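Everything quoted here is computed from the prediction, not taken from an experiment. Chain letters run A, B, ... following the sequence lines, proteins first and then strands; every chain starts at 1.
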Amino acid sequence: MGAPAWPDADADHEDLLAIQHRVAERAVFEDAGAPTPTAVERAVHGGRNSPVVVGVDQAFDGDDAVSAAVAMADGRVIERATAERETTIPYIPGLLSFREGPAVEAAIEALTVEPDLLLIDGSGRIHYRQAGLATHIGVAVETPAVGVAKALLCGRPRESLAGRRPAGVQIPIEADDEVTAPEGTIVGHAVQTRQFDSPRAINPVFVSPGHRVGHRRAARIGLAACDGYKLPEPIRLADHAAGRATE
DNA sequence: GCGACAG
DNA sequence: ATCTTGTCGC
């Protein structure tokens, strides 16, 4: 078992923080088992003997969290699975994993295929205690994971994010005094996965290591997994699947 | 007290 | 995350 079981609804706030510190201790923020960006490119765009890349996203159905996991390999969707769990803890920035984690883990375990990489919507190392949803899940299921968030939770961009950047640009996100990592540690990147020529600029996504991957490879994986849209294809498909499971 | 704040 | 139609543009 890579991480503690999910806490009860009546767990103390301090217990939750303690769990996250443990998750961060067990997390590996360096390349150790995660597929290369090239391999991920084959899984999403096509190729032989690619790894199994699974995208995960959530939707809500009343008080329940609905999670969808979409597995891709050799350029095709090979399996989809969903799981629904009652939410007990409310949404609190920094404690998201305790609200959505149970459903996410259940959806991943409902797959019959074994994931080589998890692409999870939400932060990984870009988190106050370096234990965002992607890190918590990666450690819990002992699988390489990358976090892809649509907004920045914490940390300091090395450069201003104002204005427009062309697709492919990666701006380091450094730890500040709110993050439990030495000041200046690169905990992730703002990745411009998509950009238009139109007057309306597209925002970047925030990619960070979840487990068994370094920040550099995580960012390149984020770009390699995109297919014409702002979000990595497996996550985009999981988004649709989760929404459909709600209807 | 003020501002920040994944989904 | 979610409540929600049309509309501007490639």
Between C1' on B:dA6 and CD1 on A:I173, what's the gap in Å once rounded to a whole number?
13 Å

Mind listing the residues from residues 95-103 of chain A sitting with a heavy atom below 4.0 Å of DNA chain C? Number order is fine.
none

Outermost contacting nts on DNA chain C, any atom under 4.0 Å from chain A heavy atoms, listed 5' then 3', are C:dA1 to C:dT2

Categorize A:A59 for me: base, sugar-phosphate, or nothing, with a 4.0 angstrom heavy-atom threshold over every strand shown.
sugar-phosphate

Tell me: CG of A:L153 to C1' of B:dC5, nearest whole Å?
7 Å

Length of the line joining A:I126:CD1 and B:dA6:P, which is rounded to integer Å
12 Å

Secondary structure of DNA chain B per the Watson-Crick/G-U criterion (both distances under 3.5 Å; [ ] crossing, | other strand, . unpaired) is .......

Starting from C1' on B:dA6, measure out to CZ on A:R129 and report it in whole angstrom.
12 Å

In terms of relative ring orientation, are A:H136 and A:W6 parallel, tilted or perpendicular, with 30° and 60° separating the classes?
parallel

Do A:E114 and A:V52 touch side chain to side chain, with heavy atoms closer than 4.5 Å?
no

Check the distance between B:dG7's P and A:D239's CG and give it to me in whole angstrom.
11 Å

Please state whether the phosphate of B:dG7, meaning OP1 or OP2, lies under 4.0 angstrom from any side-chain nitrogen or oxygen of A:K150.
yes

Can you check the A:F60 CZ to B:dG7 C1' distance for me, whole Å?
6 Å

With side chains defined as the heavy atoms from C-beta onward, is the minimum distance between A:V54 and A:L111 less than 4.5 Å?
yes

Are A:H211 and A:R26 packed together at the side-chain level, in the sense that at least one heavy-atom pair is separated by less than 4.5 angstrom?
no

Using a strict threshold of under 4.0 Å (side-chain N to carboxylate O), is an ion pair present between A:R212 and A:E142?
yes

Is there a donor-acceptor pair under 3.5 Å between the side chain of A:S97 and the backbone N or O of A:L133?
no

Hey, what do you get for CZ (A:R99) to CD1 (A:I89), rounding to the nearest 0.5 Å?
9.5 Å

Donor-acceptor pair, side chain of A:T185 and main chain of A:E183, under 3.5 angstrom:
no

Under 5.5 Å between ring centres and under 30° between planes: does that hold for A:Y91 against the base of B:dG7?
yes

Between B:dG7 (P) and A:R85 (CZ): distance, integer Å
22 Å

Ignoring hydrogens and geometry beyond distance, is a side-chain donor-acceptor pair present between A:T87 and A:D63 at under 3.5 Å?
no

With side chains defined as the heavy atoms from C-beta onward, is the minimum distance between A:V141 and A:E109 less than 4.5 Å?
yes

Would you classify A:G147 as touching base, sugar-phosphate or nothing, given that sugar-phosphate means primed atoms plus P, OP1 and OP2, and contacts are heavy atoms under 4.0 Å?
nothing

Would you mind reading off the distance between A:F206 atom CZ and B:dC5 atom C1', rounded to a whole angstrom?
13 Å

With the side chain counted from C-beta on, respond yes when A:V70 and A:E79 share a heavy-atom pair under 4.5 Å apart, and no when they do not.
no

First locate atom CD1 of A:I108, then atom OG1 of A:T143, and finally report the distance between them rounded to the nearest 0.5 Å.
7.5 Å

